[in-house]
Asker: 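Before I ask anything, here is the structure I am working with.
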Amino acid sequence: MNDHTPDASAAALDDLPFERAMEQLEEIVRRLERGDVPLDESVAIYERGEALKRHCETLLKRAEARIQKIAIGPDGRAAGTAALDVE
């Protein structure tokens, strides 16, 4: 993988869409599972994978926070929305 400083890698992740981050993470997993990557590179791509995993988790949490559920009034009709309780 490329040699990035932690700050540069974090900044690059901030702009990375969820789908692209997942693609990169899946490619890292494939490479590590093949077992033909030199040790130094394995460690580097594993660390990148960890950062991608955290990034994806953060994006999913943000998406969950934005989802709303429809509140039903006593008459059975939609009465508005409320934040979805994801916990």
Side-chain angles (χ1 to χ4, degrees):
M1 285 240 119
N2 298 336
D3 291 324
H4 293 294
T5 63
D7 290 340
S9 292
L13 281 179
D14 287 343
D15 296 331
L16 194 62
F18 178 82
E19 294 79 7
R20 184 70 182 121
M22 283 298 296
E23 288 171 5
Q24 288 183 19
L25 185 54
E26 289 167 355
E27 178 59 25
I28 287 170
V29 170
R30 279 191 292 276
R31 292 182 69 198
L32 290 173
E33 285 178 342
R34 276 196 319 256
D36 59 356
V37 181
L39 180 60
D40 288 345
E41 187 176 352
S42 291
V43 171
I45 64 175
Y46 179 85
E47 290 171 348
R48 172 71 176 174
E50 281 292 314
L52 288 164
K53 176 184 162 283
R54 284 189 305 273
H55 178 66
C56 288
E57 289 172 342
T58 298
L59 293 175
L60 285 173
K61 286 179 184 177
R62 286 182 193 161
E64 288 173 347
R66 292 176 47 201
I67 294 173
Q68 296 184 343
K69 64 180 180 181
I70 298 173
I72 304 298
D75 61 357
R77 299 175 125 187
T81 60
L84 178 64
D85 182 11
V86 293
E87 293 189 36

Asker: Find the distance between CE (M22) and CG (L60) and round it off to the nearest 0.5 Å.
Answerer: 8.5 Å

Asker: Can you tell me how far the CG atom of L25 sits from the CD atom of E50, to the nearest 0.5 Å?
Answerer: 9.0 Å

Asker: Any side-chain heavy atom of L16 sitting closer than 4.5 Å to one from Q24?
Answerer: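 Yes. Closest side-chain heavy atoms under 4.5 Å.
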
Asker: May I ask you to say whether E27 pairs ionically with R30, meaning some side-chain N is under 4.0 Å from a carboxylate O?
Answerer: yes

Asker: Do L13 and R48 make a side-chain contact, defined as non-hydrogen atoms from C-beta onward lying under 4.5 Å apart?
Answerer: yes

Asker: So, the side chain of H55 versus the backbone of A21: is there a donor-acceptor pair under 3.5 Å, distance only?
Answerer: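 Not confirmed, H55 side chain does not pair with A21 backbone.
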
Asker: Which pair of heavy atoms, one from I28 and one from L52, lies closest together, and at what distance?
Answerer: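 Smallest heavy-atom distance, with atoms named: CD1-CD1, 3.7 Å.
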
Asker: Inspect the contact between K53 and E57 and indicate whether a charged nitrogen and a carboxylate oxygen are less than 4.0 angstrom apart.
Answerer: yes

Asker: Please say which of V37, L39, V43 ends up in a side chain to side chain contact (heavy atoms under 4.5 Å, CB included) with E41.
Answerer: V37

